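A short worksheet on the structure shown next.
Throughout, numbering of the chain's residues begins at 1 and tracks the sequence. The shown structure was predicted, so the numbers you read here are calculated from the model rather than taken from an experiment.
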Amino acid sequence: MKKIALYLLGAVSLIILLTQVGPLIGLIISLAVLYFAFKKFTRTESAGVKVFWGIVGIIALCFSLGNVPALIGVAAFAGIYVAYKALKNDKTAEPQPKDPFDNFEKEWKEFANKSSI
């Protein structure tokens, strides 16, 4: 039942992520422009150039705020990651020993613990 829920979480997250690809790309581009404008704004000396980079930064900030629904896509990516990690850990949780005597030792320790109680 747990695996079914994890596969369902992964499938729904993948569908949501695919629907949010456009806003994600827009958010990434607008944040890159905003970062570039901020760096140029802080490094320049001229007042006219500062005004120009300030205007570019404000426009990029407005575009970034317009792409806030892309955060749903980021959350969907996190859901895919969580489902993948849980399924990966579920498969490698308990490897069986190849030596039959190792299994005997484990069974003997469990038997000894049960009989001492």
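- The minimum heavy-atom distance between L9 and G79, with the atom names listed, is CD2-O, 3.8 Å.
- Contacts classified as side-chain hydrogen bond (donor to acceptor under 3.5 Å, both in side chains) and involving residues 12-24 (residues at least two apart or in different chains) are not found.
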Result block: side-chain N/O donor-acceptor pairs under 3.5 angstrom for residues 48-61, not counting sequence neighbours:
residue : atom : partner : partner atom : Å
K50     : NZ   : F41     : O            : 3.1

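- Residue K2 holds its NZ atom at 6.5 Å from CG of L6, rounded to the nearest 0.5 Å.
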Enumerate donor-acceptor pairs with a distance under 3.5 Å from any side-chain N or O in residues 23-39 to protein atoms, sequence neighbours excluded.
residue : atom : partner : partner atom : Å
S30     : OG   : G26     : O            : 3.0
S30     : OG   : L27     : O            : 3.1
S30     : OG   : S64     : OG           : 3.0

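- Hydrophobic cluster membership is shared by V12 and I72, with clusters built from Ile, Leu, Val, Met, Phe, Trp and Tyr side chains linked at under 4.5 angstrom.
- Listed by first and then second residue, the ring pair (Phe, Tyr, Trp, His ring centres under 6.0 Å) pairs that reach into residues 56-89 come to none, sequence neighbours excluded.
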